[in-house]
Structure formats: structure tokens, C-alpha cells
Amino acid sequence: MASRYNNYPFMNSLIITTLFTLIITDGLSLALGRPIVPDDELMKRKHEEWMALHGRVYKDVAEKEARYNIFKENLRHIDAFNNNNNGSGFTLGVNKFADLTNKEFRETYTQYRRKPPSVLSNSEAKSFRYRNFTAIPKSLDWRARKAVSSVKNQGSCGCCWAFSAVAATEGIIMLKKGKLRSLSVQELVDCDKTLNHGCHGGLMDHAFQYIKRNGLTSEANYRYKEAGGKCNARKAAKKAAMIAGYEDVPKKSEKALLQAVANQPVSIAIEGGGFMFRFYSGGVFTGSCGTDVDHAVTVVGFGRSSARKKYWILKNSWGTGWGEKGYMRIQRDVRSKAGLCGLAIEPSYPTL
């Protein structure tokens with residue numbers, strides 16, 4: 001039978017080529033055991049694989065369906081950003097938080113409590129000891145100088161404040177005493193109840209006050225359990241570290257923060273509840289965030305990327321599956337005095 005396109009040879013060629021491509025593609029997929037699968041089915045398969053990887057189990061079919069829909073939406077946003085980031089310099093990735101809404105994530109993993117405006121901070125009554133420090137290197141990484149312990153995972157306990165305070169304390173003790181020792185976060189969660197609230201939030205300055213008064217035992221002696229509990233006075237009595245006090249870095253000054261970090265790891269508050277921060281995977285973070293600080297981390301260094309972009313190195317407490325094996329590089333010296341994501345609003349550090 002003559003084709004209706006006989007007078008248009010190029011149309012015949014196009015049809016033949018298209019059919020041939022479809023036949024070959026479908027046949028090859030089937031031959032390799034990769035049948036053509038609808039998008040939703042592929043997404044459900046990804047969800048199942050993600051559940052297995054992170055040991056996630058749901059109570060019933062309804063919860064699984066609800067979590068799947070959240071997971072699917074988060075993945076679509078992640079893929080959209082990575083495919084259209086226009087050379088932003090950082091990427092997002094699927095991690096253990098992928099089946100949570102932003103609200104759920106903030107309520108569980110970001111429990112930093114800001115200082116009340118009426119409270120006079122410790123350093124506002126003192127001079128900033130690093131104010132005149134000028135011997136600042138172009139880059140510095142306290143991990144390379146053995147002043148940073150391994151990345152921890154706070155789990156579903158909102159005690160980021162305790163992890164931040166402990167990391168800063170471990171750092172100054174190593175730098176002054178010459179020995180890095182992992183200290184107990186659980187002691188702060190269980191025993192520092194005067195002004196802090198265990199898994200329901202707290203403030204690093206209050207934690208430093210506790211460590212000054214009571215000291216802190218080792219992680220090996222009083223292990224972290226991802227939940228609050230009654231203070232174990234017997235374990236807490238076995239001290240592994242003491243500090244003389246703490247100081248606050250002058251607010252909203254990345255220059256002052258740089259002077260402090262050039263001398264020791266520093267605790268900071270940051271807005272960590274945003275979508276981009278939550279799913280940060282690697283590179284120098286320059287993403288969208290505000291200055292409503294709700295999370296606590298520790299600055300353990302600074303540097304400059306191959307693209308000449310200045311950054312801070314942050315140690316987080318969300319495990320090694322987040323970011324760059326538990327760390328983030330975040331842009332330094334931005335136009336806002338508060339720093340990116342508010343990181344220069346409330347920094348502080350322990351003293352010996």
C-alpha cells in the first residue's frame with residue numbers, strides 16, 4: 001500500500017527512524033530486565049529503597065501513603081534545584097529527613113532557644129579578648145589540628161545546643177591541654193535543667209555556665225541515648241573537663257567571628273530549618289535562608305574554594321549522612337551583617 005507521505009520522503013524517514021528507536025529502546029530495556037515503568041511507580045520504588053536504607057517503618061498503610069507523598073514532593077524539589085541551579089556552587093541530596101514536612105523537621109531537629117532581649121550576655125560586660133588579633137591565616141581547619149571529635153547524631157532529640165557547646169569545649173581543651181577527648185552531651189541533656197530544656201531546646205551560653213560550675217564527664221562514661229532522662233549524679237561526678245567561663249563574640253560581625261575562630265572552635269546559632277539547609281549535600285552553601293536562628297552548630301574553620309568563594313566550615317549534629325560527611329561549607333563575608341542564615345548573630349565560646 002502506498003503511503004500517504006510518498007510525496008514527502010523526509011516524513012517517511014522520520015517515521016521509520018522514530019519507530020526503530022522505540023523498538024530498539026524498549027527491546028533493550030526488556031532484555032536488560034529494565035521494563036518501562038511509570039514515573040509514580042519509579043518514585044514508589046525509590047521510597048521503598050530509601051525506607052530500607054534508613055530503617056524506616058510506618059505503623060500502617062495510611063501513614064506510609066502520607067509519608068510517600070511528602071517524600072515524592074521533597075524529591076521533586078531537590079531534583080528541580082539540582083537541574084536548574086545555574087552554577088550555584090552547591091547541591092542538594094536525599095537524606096534521612098526526606099519524608100518530613102518542614103514544620104515537622106523544625107520541631108524535631110532545630111531546638112535552639114534565642115537569648116531573651118532583656119538578658120545581658122556575659123561578654124557585654126567584658127571586652128572581646130580577640131578584638132586586636134590580626135594574625136589570621138587565609139584558611140584554617142581545626143579538624144586537621146586534631147581539635148574536633150567525630151560527627152555525632154542527635155537523632156530525634158532537640159539538643160543541638162548541647163552538641164554545639166560540647167564541640168566548642170572539646171576544641172578549647174585540646175588546644176590548651178593537648179588532648180582531644182569526647183565529652184558527654186547526655187550529661188547536659190539530663191543534668192543542665194536550670195535554664196536549658198534537654199531535648200526540648202536550650203542555649204550554649206547556659207551550657208557553658210553549667211560546665212563552669214559542674215565540669216563535664218566523658219562520652220564514654222555517660223553515653224548519649226537520643227532522649228532525656230533523670231540526671232545520673234554518680235556518672236556526672238566523674239569529671240573529664242572544666243572551663244573557666246565563656247564569652248560572646250560581638251554580634252553581627254563576621255570579622256569578629258573570624259578573629260575568634262582563628263583561635264578556637266566557636267558555637268553559633270543559625271537558621272537551619274529551611275528546605276535548602278535541610279537537604280544540603282555538598283559545595284559552598286549560598287542558598288536561600290533567613291536570620292530567624294533556630295539551630296546550633298559549631299564553626300571549626302574557614303577557607304576559600306577553587307572558585308575563590310570564601311566559606312566557614314560548620315560541624316553539625318545530624319550524622320555523617322547529612323552534608324559533607326556531617327559538615328557544611330557556608331558562604332563567608334556576605335552583605336548582611338548577620339551573616340548567611342544569621343550565623344553571626346549569637347556566637348560564643350568557652351574559655352580556659
Side-chain angles (χ1 to χ4, degrees), residues 37-54 56 65-110 112 151 153 160 268-297 299 303-336 338-343:
V37 181
D39 286 347
D40 197 54
E41 201 170 321
L42 282 172
M43 191 67 78
K44 285 185 176 180
R45 185 181 299 169
K46 286 182 179 180
H47 185 224
E48 293 285 351
E49 292 170 351
W50 176 88
M51 287 173 60
L53 177 64
H54 296 285
R56 188 76 87 249
E65 183 67 18
R67 291 296 165 194
Y68 164 70
N69 287 327
I70 295 169
F71 175 88
K72 178 171 63 175
E73 197 63 23
N74 283 333
L75 255 67
R76 284 177 174 167
H77 285 299
I78 290 169
D79 287 343
F81 175 82
N82 288 337
N83 292 331
N84 302 283
N85 65 15
N86 298 318
S88 66
F90 72 98
T91 56
L92 304 182
V94 180
N95 56 34
K96 64 181 179 180
F97 308 126
D99 70 343
L100 300 175
T101 65
N102 277 359
K103 183 175 184 292
E104 289 172 328
F105 176 76
R106 286 178 183 271
E107 289 174 348
T108 303
Y109 294 96
T110 61
Y112 173 79
V151 170
N153 189 349
C160 55
I268 65 166
I270 196 166
E271 186 178 272
F275 185 88
M276 288 188 181
F277 197 100
R278 183 187 6 160
F279 291 114
Y280 165 77
S281 178
V284 178
F285 183 81
T286 58
S288 174
C289 54
T291 57
D292 185 14
V293 294
D294 56 8
H295 185 52
V297 295
V299 188
R304 191 182 299 239
S305 71
S306 56
R308 309 289 296 170
K309 192 174 292 181
K310 295 180 181 178
Y311 60 80
W312 299 104
I313 304 170
L314 308 184
K315 180 187 182 185
N316 205 347
S317 53
W318 293 342
T320 56
W322 177 87
E324 296 181 331
K325 297 183 178 179
Y327 293 89
M328 169 186 268
R329 287 178 293 154
I330 185 170
Q331 188 176 10
R332 176 164 59 96
D333 288 351
V334 298
R335 291 183 179 180
S336 169
L340 189 56
C341 304
L343 61 82

List the steps and the verdict of side-chain contact (heavy atoms from CB on, under 4.5 Å) for Phe97 and Thr108.
CA-CA 11 Å; Phe97 308 126; Thr108 303; over 6 Å; no
Apply side-chain contact (heavy atoms from CB on, under 4.5 Å) to residues Leu340 and Cys289 and explain how you reach the verdict.
CA-CA 7 Å; Leu340 189 56; Cys289 54; 3.9 Å; yes
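- Every residue meeting the side chain to side chain contact (heavy atoms under 4.5 Å, CB included) condition with Asn74, not counting sequence neighbours, appears here in chain and number order: Ile70, Phe275, Arg278, Phe279.
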Begin with the C-alpha distance, continue with both residues' side-chain angles, and end with the deciding distance and a verdict on side-chain contact (heavy atoms from CB on, under 4.5 Å) for Tyr68 and Met43.
CA-CA 9 Å; Tyr68 164 70; Met43 191 67 78; 3.5 Å; yes
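- Here the closest heavy-atom approach between residue Ala338 and residue Thr291 is recorded as CB-CG2, 3.9 Å.
- The closest donor-acceptor contact from the side chain of Tyr280 to the backbone of Arg329 lies under 3.5 Å.
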Intermediate values then yes/no, side-chain contact (heavy atoms from CB on, under 4.5 Å), Leu314 and Val299
CA-CA 5 Å; Leu314 308 184; Val299 188; 3.7 Å; yes
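- When all heavy atoms are compared, the tightest approach of Ser281 to Gly93 is CB-N, 3.5 Å.
- Taking CE of Met328 as the reference point, atom CH2 of Trp322 lies at 4.0 Å (rounded to 0.5 Å).
- Between the side chain of Gln331 and the backbone N or O of Thr286 there is no donor-acceptor pair closer than 3.5 Å.
- Exactly one residue among His54, Arg67, Arg56 makes a side-chain hydrogen bond (donor to acceptor under 3.5 Å, both in side chains) with Asp99. That residue is Arg56.
- Formation of a donor-acceptor pair under 3.5 Å by the Glu324 side chain with backbone atoms of Gly283 is found in this model.
- For residues 72-98, the salt bridge (charged side-chain N to carboxylate O under 4.0 Å, His left out) pairs, not counting sequence neighbours, are Asp40-Lys72.
- When all heavy atoms of His295 and Ser317 are compared, the closest pair comes out as CE1-OG, 4.4 Å.
- Distance alone, capped at 3.5 Å, is enough to place a donor-acceptor pair between the Trp50 side chain and the Asn95 backbone.
- One distance of note links CD1 of Ile330 with CZ of Phe277; it measures 6.0 Å at 0.5 Å rounding.
- Atoms OG1 and NZ, on Thr320 and Lys325 in that order, are 9.0 Å from each other to the nearest 0.5 Å.
- Distance check, rounded to the nearest 0.5 Å: CG of Asn82 to CZ of Phe90 gives 9.0 Å.
- Taking CG of Asp292 as the start and CD1 of Ile270 as the end, the distance is 12.5 Å to the nearest 0.5 Å.
- One finds the CG atom of Leu92 at 6.0 Å from the CD1 atom of Ile78 (value rounded to the nearest 0.5 Å).
- Sorted by first and then second residue, the pairs that involve residues 303-320 and meet salt bridge (charged side-chain N to carboxylate O under 4.0 Å, His left out), not counting sequence neighbours, are Lys310-Asp333.
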I would like to know whether Lys103 and Glu107 meet salt bridge (Lys or Arg N to Asp or Glu O under 4.0 Å); could you show each step before the answer?
CA-CA 6 Å; Lys103 183 175 184 292; Glu107 289 174 348; 2.6 Å; yes
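- Ring geometry, Trp318 versus Tyr109: the interplanar angle exceeds 60°, so the pair is classed perpendicular (tilted spans 30 to 60°).
- Of all non-hydrogen atoms in Thr110 and Arg106, the two that sit nearest each other are OG1-O, 2.7 Å.
- Among all heavy-atom pairs drawn from Cys160 and Ala296, the shortest one is SG-N, 3.5 Å.
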